[in-house]
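Taking it in order: structure first as C-alpha cells, then the write-up.
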Protein chains: 2
Amino acid sequence: MDDDLYRAIADPTRRAILDELVERDGQSLFELCSRLIMKHGISSSRQAISQHLELLESAGLVVARREGRYKFHWFNGEPLKAITKRWPANAKKR
Amino acid sequence: MDDDLYRAIADPTRRAILDELVERDGQSLFELCSRLIMKHGISSSRQAISQHLELLESAGLVVARREGRYKFHWFNGEPLKAITKRWPANAKKR
DNA sequence: AGTATATGCAAGTCGTGGCTTGCATGTCAA
DNA sequence: TTGACATGCAAGCCACGACTTGCATATACT
C-alpha cells in the first residue's frame, strides 16, 4: 500500500534530506550532498544520496524536475497525512 | 533520536499490530497473534510477534503490562506527533 | 571539437532486520 | 506436585537494504 512512505522515512539519512529540503527547497543533488555533509554530519557518496532521493520520490515525499544538467528537488509533505489519518496521535480519552 | 519510532512503523506487520490495537485495545500476545492471522492475513510465529511488540514498546507506541501469566498491550499514538511536528504535512503555499 | 560538470545506471559487498528453532521461565488449575 | 498454558530468552539463518565502485550519458563552457 503506502509501504514506500514508511520505508522512506525509516532511514536517518533520508530524514535528514527531508529536513534539508524543508529548510531550503529546490536544491540540486550536488547542493544537497554538500549541505548534508556540512550541517548534518552525513558523509555518504553522491550515488548514495541519489538513491535515497529516488526512494523519496517514489514515496511522493520529494518532487524532482530536471533542468539542463541539474536536477532540482522539492519537499512534499502531503503523503505524511496518511500516518496521522491511520492512527490517532492524540492521547486516549479515559 | 526518535530513531526507534521510524523503525517501528517501517515494518508492515508492526503497522498491522497497531491497527489491531487501535481497533481493540488491551489484547494479550496470544489474542493478537490469532487476530492478526484471521483479519490481517499475517502468519508469523508467536515469537516474531513478540519481538515486534518489544520494538513497538521501545518506540513508545505500545504500552504493555503483565498480569499473571498474560501480558496485555495498549496502543499509544502520542509519539507519532513527532512526525508531523518535524515536517509540514500540509500543502505548500504558492 | 574537447573538457569539465552534473547526473544516471548496474553490479557487487556487507551489515542488519525479521524470522525461526529450541529451550527456559513463570503462572494457573487439577 | 504435576501438567497445561502463556510468555521470555538466545542463537542461528536468510533476504533485503544501504553503500560503494566503475562506467555511461548528458549538458554546459571555452
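Convention: sequence-line order gives letters A, B, ...; per-chain numbering from 1.
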- Note on the structure: Nearest-nucleotide check on DNA chain C, B:H52 vs B:R46; residue mapping nearer the 5' end is B:H52
- Query: Under 4.0 Å between a side-chain N/O of B:S50 and OP1 or OP2 of D:dG8, yes or no?
  - Reply: yes
- Task: Using whole Å, report how far CD1 of B:I37 lies from P of C:dC19.
- Result: 13 Å
- Query: Looking at the side chain of A:R7, which of D:dA18, C:dG22, D:dT7 is the nearest nucleotide?
  - Reply: D:dA18
- Message: Checking contacts here: which listed nucleotide (C:dT20, D:dG22, C:dA6) is nearest the side-chain heavy atoms of B:Q51?
- Response: C:dT20
- Message: Using every non-hydrogen atom in the two residues, find where B:A59 and B:P79 come nearest and quote the distance to one decimal.
- Response: O-CG, 3.7 Å
- Message: What is the distance, to the nearest angstrom, from the CD atom on B:E67 to the P atom on C:dG26?
- Response: 19 Å
- Message: Both A:Y70 and B:E31 contact DNA chain D. Taking the nearest nucleotide for each, which residue is further toward the 5' end?
- Response: B:E31
- Query: So among B:L5, B:L21, B:N76, which one has a side chain to side chain contact (heavy atoms under 4.5 Å, CB included) with B:L61?
  - Reply: B:L5
- Side-chain heavy atoms under 4.5 angstrom apart, residues restricted to Ile, Leu, Val, Met, Phe, Trp, Tyr: same cluster for B:Y6 and B:L55? no
- Rounded distance in Å - CD (A:Q47) to P (C:dG12): 17 Å
- From C:dA10, C:dT20, D:dG8, pick the nucleotide closest to the side chain of B:S45? C:dT20
- Provide, to the nearest angstrom, the distance between the CG atom belonging to B:D11 and the P atom belonging to D:dG17. 12 Å
- Query: Is any side-chain nitrogen or oxygen of A:K71 closer than 4.0 Å to OP1 or OP2 of C:dA6?
  - Reply: no
- Length of the line joining B:I49:CD1 and D:dG8:C1', which is rounded to integer Å: 15 Å
- Query: Heavy atoms under 4.0 Å, any strand shown: does A:L53 hit a base, just sugar-phosphate, or nothing?
  - Reply: nothing
- Would you kindly give the NE2-to-P distance between B:H73 and D:dA6, to the nearest whole Å? 14 Å
- Message: Tell me whether B:R15 is salt-bridged to A:D3, with the criterion being a basic N under 4.0 Å from an acidic carboxylate O.
- Response: yes
- Message: The side chain of B:F30 is closest to which nucleotide in this list: D:dG8, D:dT7, D:dA18?
- Response: D:dT7
- Should the pair A:F72 and A:W74 be assigned to parallel (<30°), tilted (30 to 60°) or perpendicular (>60°) ring geometry? tilted
- Does the side chain of A:R66 get closer than 4.0 angstrom to OP1 or OP2 of D:dA26 through an N or O atom? no
- Selection from C:dT20, D:dT7, D:dT21 that lies nearest to any side-chain heavy atom of B:A48: C:dT20
- Query: When the distance from CG of A:D3 to P of C:dG18 is rounded to whole Å, what number comes out?
  - Reply: 12 Å
- Message: Side chain of A:L29 only, heavy atoms from C-beta on: which candidate in C:dT7, D:dA18, C:dT20 is closest?
- Response: C:dT7
- Query: Are the side chains of A:L56 and A:R14 in touch, meaning some heavy atoms are under 4.5 Å apart?
  - Reply: yes
- Just how far, in rounded Å, is P of D:dA6 from CZ of B:R65? 19 Å
- Of the listed C:dC19, D:dC5, D:dC9, the closest approach to the B:R69 side chain comes from D:dC5
- Touch class at under 4.0 angstrom, heavy-atom based, for A:L55 against every strand present: sugar-phosphate
